[in-house]
A.B. asks: 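Have a look at this one.
Read the numbers this way: they start at 1 and go in the same order the structure lists the ligands and their atoms.
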Amino acid sequence: MRRKLAAGNWKMNGVTANLSELSNMKDAADTKQTDVLICTPAPLISRASVTAEGSNIAIGGQDCHANASGAHTGDISAEMLVDAGADYVITGHSERRVDHGETDAIVAAKSSSAYANDLVAVICLGESLQERESGQTLDVIGTQLAGSTPDAATADNTVIAYEPVWAIGTGKVPTLEQIAEVHDFIRAGLTERFGDDGDGMRILYGGSVKPSNATEIFAVSNVDGALVGGASLKADDFNAIISALDVS
Ligand code: 13P
């Protein structure tokens, strides 16, 4: 049985005052079936991990460098995330692929660096609207999955997140059939390559998940949770998503 995962990605939002939202998630996160993760901006990780102490909320980063250390001004290593209190790191988010030119090979190298530091990598995949409309979705996802996931991926060190680029922050959500098609395709690719570990890896859906659509999305085959942007910034919204996942 795969444990469910409710993951929030705060993106470039949040300063110390916003940690009150994290505090207000602690009770809702106290579930038996569901893991809860909030990926804060890097400067907040150490304070967020103190805020989350004694709760079921894990803290994660949103990116790491592939190298262990060196002359990379402004970058953050996986070891630094761990040192600040992170247990997870998002790799290959579409905003980093687009804004920072991250290729599948770079995402795989960052994920390997995460593994080397005992961080769980949340590896993101997703097609653009143009790729969706031209019928390339499964080709794009297959290529990203193969190229971004290191050979050392296991059920314990890897979570896959399917985030269609056109659904992020837009309020547009794929149909449940479209979500099922991609999640089933990812599952088949993972089990073919990783066997039992591929069966055990969690696959999250991300893109405009809200309290109002969470229950139906969580009932879709091979959806093991969500990676939530905007609706993870407010405890009221995220707590409702945790509850929806916990009963699904
Ligand atoms: P939204 O939930 O704001 O659409 O963002 C999704 C996302 O990109 C999470 O990583």
A.B. asks: For Asp75, I'd like to know if atom CG has over 12 heavy atoms of other residues, nucleotides or ligands within 6.0 Å.
C.D. replies: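 Check passes, neighbour count above 12.
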A.B. asks: Gly207 heavy atoms, cut-off 4.0 Å: which ligand 1 atoms fall inside?
C.D. replies: 4 (O), 6 (C)
A.B. asks: Given side-chain contact (heavy atoms from CB on, under 4.5 Å), test Arg187 with Asp199 step by step and report yes or no.
C.D. replies: CA-CA 7 Å; Arg187 176 69 62 213; Asp199 192 45; 4.0 Å; yes
A.B. asks: Can you tell me if Lys210 has a non-hydrogen atom under 4.0 Å from ligand 1?
C.D. replies: no
A.B. asks: Distance under 4.0 Å to a non-hydrogen atom of Asn9: what atoms of ligand 1 satisfy this?
C.D. replies: 9 (C), 10 (O)
A.B. asks: In the protein, which heavy atom is nearest to atom 3 (O) of ligand 1, and how far is it?
C.D. replies: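 I find the closest protein heavy atom is Gly230 N, 2.8 Å.
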A.B. asks: For the side chain of Thr103 and the backbone of Ile106, is there at least one donor-acceptor N/O pair under 3.5 Å apart?
C.D. replies: yes
A.B. asks: May I ask which of Lys11, Glu95, Glu163 has a heavy atom nearer to atom 5 (O) of ligand 1 than the others do?
C.D. replies: Lys11
A.B. asks: Run the salt-bridge test on Lys4 and Asp224 with the 4.0 Å N-O cut-off and return the result as yes or no.
C.D. replies: no
A.B. asks: Against heavy atoms of Leu227, which atoms of ligand 1 measure under 4.0 Å?
C.D. replies: 9 (C), 10 (O)
A.B. asks: With only distance considered, is Ala231 within less than 3.5 Å of ligand 1 through an N or O on each side?
C.D. replies: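 Checking ligand 1 against Ala231, no N or O pair falls under 3.5 Å apart.
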A.B. asks: Considering the heavy atoms of Ser208, write down every atom of ligand 1 situated less than 4.0 Å from one of them.
C.D. replies: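 Checking each atom against Ser208, I get 1 (P), 2 (O), 4 (O).
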A.B. asks: Are Val159 and Leu204 close enough that some pair of their side-chain heavy atoms sits under 4.5 Å apart?
C.D. replies: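 They are in contact (side-chain heavy atoms under 4.5 Å apart), so the answer is yes.
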A.B. asks: Classify the angle between the aromatic ring planes of His183 and Tyr205 as parallel (below 30°), tilted (30 to 60°) or perpendicular (above 60°).
C.D. replies: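 If you compare the ring of His183 with that of Tyr205, the planes turn out tilted.
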A.B. asks: Atom 2 (O) of ligand 1: which protein heavy atom is closest, and how many Å away?
C.D. replies: Gly229 N, 2.8 Å
A.B. asks: So does Glu102 pair up with Arg97, basic N to acidic O under 4.0 Å?
C.D. replies: no
